[in-house]
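Encoded as structure tokens, the structure appears first; notes follow it.
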Amino acid sequence: MKEHAAWRKKKEDAMTSLRARDVMTREVATVQPETPVAAIARMFADRGISAVSVTDAAGALLGIVTESDLIRRLADEDEQPSGWLSRLFDHSVARADRYARSHGIKASEIMTERVITASPGDSAAHVARLMENHRIRRVPITEDGKLLGVVTRSDLVRTLVSREEPQADNLTDEQIHRAVMAAMQREPWADTIHTAVHVQDGVVEFYGFTRSEAVSRALYVLAENVPGVKRVVDRTSHRIRWEPA
């Protein structure tokens, strides 16, 4: 119990001492206000990202467009016209705002303007609290209104894992196991429910099932990149989907 409390305090101290500038991603996808929504959707698909920041020519943050904004656009296309009774009690201002955002054709028309931001000198713990309180996945880092970078949930998780791990030569099998599991949990394609991880003497073995050969290869590479791993052995099988007759 004492060891768990000490470990937790170590994590809290690390998050408090680290600044936003230490953990933020500096290469941030940005678009101009007049960028067409169709072009933003293409960026999401091509780059595998879920948000872009909208900035002016000077780099000042104006707003943010997320995949949720695009999903709202699709959802509203399926909305059925409301009857007179619902319109009577509906809030016309709110509906008008939603219509404008879901039917806009450029970034400035669909972006969220009231963005939760942090300063580069704010602690990582403060950024994590902003995410938790506002239920958001990313916090842009700005200074004098200018966008410097962004901190995502993945950035914070990577920070916790890296701070927890000692030098690779000193890693125990348990620490390697935790690092592999943490890396898997960050990847949407990794299945931690049907794929088991075993570590002995620095050798990582995968058991269970994976969805495809591509996932197996990705797991192999993922484990190879974990400090302290000496070898990776894939003992998984590809899961066959059962289709009812």
Side-chain angles (χ1 to χ4, degrees), residues 20 23-56 59-82 86-87 90-119 122 124-142 145-160 182-193 211:
V23 300
M24 71 181 185
T25 300
R26 298 179 184 274
E27 296 295 326
V28 183
T30 61
V31 296
Q32 295 178 326
E34 62 272 16
T35 303
V37 172
I40 296 175
R42 175 58 63 184
M43 286 180 64
F44 286 1
D46 291 345
R47 302 188 189 183
I49 58 178
S50 59
V52 293
S53 297
V54 184
T55 61
D56 62 15
L61 180 65
L62 303 178
I64 188 171
V65 176
T66 70
E67 59 186 0
S68 296
D69 295 316
L70 301 187
I71 292 174
R72 182 190 302 112
R73 185 184 188 91
L74 292 174
D76 279 12
E77 290 180 0
D78 189 51
E79 185 176 10
Q80 300 300 319
S82 56
S86 61
R87 288 197 299 268
D90 200 2
H91 197 300
S92 60
V93 174
R95 285 187 65 84
D97 178 68
R98 181 180 178 91
Y99 180 91
R101 293 192 61 195
S102 63
H103 291 75
I105 62 173
K106 54 186 179 181
S108 61
E109 295 170 338
I110 70 169
M111 70 183 185
T112 298
E113 296 182 52
R114 298 180 63 181
V115 183
I116 304 300
T117 65
S119 300
D122 289 336
H126 174 70
V127 175
R129 177 61 61 186
L130 288 176
M131 292 183 182
E132 195 71 19
N133 290 345
H134 297 279
R135 297 182 180 181
I136 54 180
R137 300 175 59 184
R138 59 190 63 80
V139 176
I141 307 303
T142 62
K146 187 175 182 180
L147 180 65
L148 302 181
V150 64
V151 175
T152 66
R153 289 179 180 268
S154 297
D155 292 327
L156 295 180
V157 171
R158 278 194 295 270
T159 298
L160 288 175
M184 290 176 65
Q185 289 166 357
R186 292 195 297 270
E187 302 298 337
W189 47 262
D191 189 347
T192 56
I193 296 178
R211 289 189 292 270

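Only this structure's heavy atoms are used, side chains among them; waters, hydrogens and symmetry mates stay out. Quick note: residue numbers are just sequence positions, from 1.
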[Y] and [X], any side-chain heavy atoms less than 4.5 Å apart:
X: Ser108; Y: Leu62; result: no
X: Leu70; Y: Ile110; result: yes
X: Val65; Y: Val31; result: no
X: Val37; Y: Glu109; result: no
X: Met24; Y: Asp155; result: no

Within 6.0 angstrom of Arg137 CZ, more than 12 heavy atoms from elsewhere:
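Atom CZ in Arg137 is not crowded, with 12 or fewer foreign heavy atoms closer than 6.0 Å.
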Can you give me the closest heavy-atom contact between [X] and [Y], atom names plus distance?
X: Ser53; Y: Leu61; result: CB-CD1, 3.8 Å
X: Pro188; Y: Arg186; result: CD-O, 3.8 Å
X: Phe44; Y: Thr66; result: CE2-C, 3.7 Å
X: Ala118; Y: Val139; result: N-CG1, 3.7 Å
X: Val151; Y: Met131; result: O-CE, 3.1 Å
X: Gln185; Y: Thr192; result: CG-CG2, 4.1 Å

Using 0.5 Å steps for rounding, measure from the [atom1] atom of [X] to the [atom2] atom of [Y].
X: Asp56; Y: Lys146; atom1: CG; atom2: NZ; result: 10.0 Å
X: Ile116; Y: Arg135; atom1: CD1; atom2: CZ; result: 14.0 Å
X: Ile49; Y: Glu67; atom1: CD1; atom2: CD; result: 10.0 Å
X: Leu148; Y: Ile141; atom1: CG; atom2: CD1; result: 8.0 Å

Which pairs count as side chain to side chain donor-acceptor pair (under 3.5 Å) when at least one residue sits in residues 33-50, sequence neighbours excluded?
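Every pair satisfying side chain to side chain donor-acceptor pair (under 3.5 Å) with a residue in residues 33-50: Ser50-Arg138.
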The test is side chain to side chain contact (heavy atoms under 4.5 Å, CB included); show your working for Met111 and Asp69 and say whether it passes.
CA-CA 8 Å; Met111 70 183 185; Asp69 295 316; 5.9 Å; no
Arg211 side chain to Asp191 main-chain N or O, any donor-acceptor pair under 3.5 Å?
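No: the side chain of Arg211 does not pair with the backbone of Asp191.
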